[in-house]
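Take a look at the structure below.
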2 protein chains.
Amino acid sequence: MHNTSAEEFETSPERVRRTQDSFSIGDLAKEFDITTRSIRFYEDQGLMMPERRGQTRIYTQKDRVRLKLILRGKRLGFTLAETKTLFDMYDRDGSSVNQLQTMLRLIEDKKLALRQQLEDIKVVLHELTAVESGCRAELSEKTKEYP
Amino acid sequence: MHNTSAEEFETSPERVRRTQDSFSIGDLAKEFDITTRSIRFYEDQGLMMPERRGQTRIYTQKDRVRLKLILRGKRLGFTLAETKTLFDMYDRDGSSVNQLQTMLRLIEDKKLALRQQLEDIKVVLHELTAVESGCRAELSEKTKEYP
DNA sequence: GTAAAACTTTACGTTAACGTAAACTTCATG
DNA sequence: CATGAAGTTTACGTTAACGTAAAGTTTTAC
């Protein structure tokens, strides 16, 4: 599983490799602090297709980068489906102009939605503050006779 | 069901009532622009308990106010369970000090959560803008040879 | 008096991204 | 060789607030 230690104390004449070229599902789970279940789920949704050695999944650097992109996408509010769309485009015709344009459209959509959310939250915050004031008034009303 | 028209053209010597004292489920649904399904769902969750005439639900002014409070709670980000908690307190001991304090605690929690959300959204917006810039740069890179 | 509108209950479906459990195989280690 | 860690598949459960459909009864309207 772990070949880190094997690398560090390599006895063969081969040079120590600083960058691994293959990872187990557990390696990636640890590195990105997610569960193996999540990684398998992403595969289920068609976002990754690691090779197999028998039953076992073998992840390459490319797979690792993909995972990193999936997680970045999530941070940015992209759904898995949206990320998959981008991946599919990339897989078809490389990092094309078309893909970049799609990406930009997606980003615009997200930004619009987030700005709307910002406004909504601000409004609700104000409403909450108003209700809060009402509560405080009522409360002091009810407790003033017991000072 | 509808006694609005009946009121307006009342022929009996009774005075015209400006405020209804009972409503059908459809009346309330229309007034608040929600579905009857929602109203029945709130009842299911223990937030309302209208009387029945046979099978049919009869809503009083008090029920109507409750519904209004449920919807206000939703606007303010309260879950139905939270609203129910407040109702339960009210039902037990009237609009007590205790209830007001619970309300204030809930409000504080919501405000904290919303402020956190605000910050998160701002961060993501900045990240999105950064990614956007990257995309634009790459895009102009890829299209500059075809001017 | 009959057809349409409104109402009722029951219960499964929806969304997103996994969590959790069961039951199994494979691998490395002492 | 036994055992424990890591891996595998399959499939149901979770959350919130309803949507939707089916299949029935009751009211209302013309």
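Numbered from 1 within each chain, the chains take letters A, B, ... in sequence-line order. Since the structure is predicted, the reported quantities are computational estimates derived from the model, not experimental observations. Any value given below was found using the heavy atoms of this structure, including those in side chains, with hydrogens, waters and symmetry copies removed.
- Contact check, A:S38 against C:dG19: a side-chain N or O comes under 4.0 Å of OP1 or OP2.
- The main-chain N or O of B:G77 is found under 3.5 Å from a side-chain atom of B:K110 such that the two form a donor-acceptor pair.
- Take the nearest nucleotide of DNA chain D for A:R52 and for B:Y42: the residue whose nucleotide is more 5' is A:R52.
- Put simply, CD on B:E43 is 15 Å from C1' on D:dC18, counting in whole angstrom units.
- The phosphate of C:dC7 has OP1 or OP2 within less than 4.0 Å of a side-chain N or O from B:S24.
- Here C:dT25 presents its C1' atom at 15 Å from CZ of A:R53, a figure rounded to the nearest Å.
- A salt bridge links B:R136 with B:E132: at least one charged nitrogen is closer than 4.0 Å to a carboxylate oxygen.
- Residue side chain A:R57 does not reach the base of D:dT8 through any donor-acceptor N/O pair under 3.5 Å, judged by distance alone.
- Listed here is the closest heavy atom pair of B:I58 and B:P50: O-CB, 3.5 Å.
- In this structure, CD1 of B:I25 is placed 13 Å from P of C:dA6, rounded to the nearest angstrom.
- Atom CD1 in B:I39 sits about 16 Å away from atom C1' in C:dT9, given to the nearest Å.
- Between atom OH of residue B:Y42 and atom CD1 of residue B:I34 there is a gap of 5.0 Å, rounded to the nearest 0.5 Å.
- Closest contact between the side chain of A:R40 and the listed nucleotides D:dT9, C:dC7, D:dA17 involves D:dT9.
- The shortest distance between the side-chain N/O atoms of B:T35 and the OP1/OP2 oxygens of D:dG19 is below 4.0 Å.
- Rounded to whole Å, the distance from CZ on B:F23 to C1' on C:dC7 is 18 Å.
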Legend entry - B:K84/B:D88 under salt bridge (charged side-chain N to carboxylate O under 4.0 Å, His left out): CA gap, chis, key distance, verdict: CA-CA 6 Å; B:K84 177 175 157 56; B:D88 288 349; 3.3 Å; yes

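- Here the nucleotide nearest the side chain of B:L80, chosen from D:dA17, C:dA17, D:dG7, is D:dA17.
- Atom-to-atom, CD1 of B:I58 to P of C:dA6 comes out at 16 Å; the value is rounded to the nearest Å.
- Looking at the side chain of A:Q55, the nearest of the listed nucleotides D:dT8, C:dC18, C:dC7 is D:dT8.
- What separates CG of B:D44 from C1' of C:dT9 is a distance of 10 Å, to the nearest Å.
- Contact check, B:K74 against D:dA16: no side-chain N or O comes under 4.0 Å of OP1 or OP2.
- We find that CG of A:D33 is positioned 12 Å from P of C:dC18, with the value rounded to whole Å.
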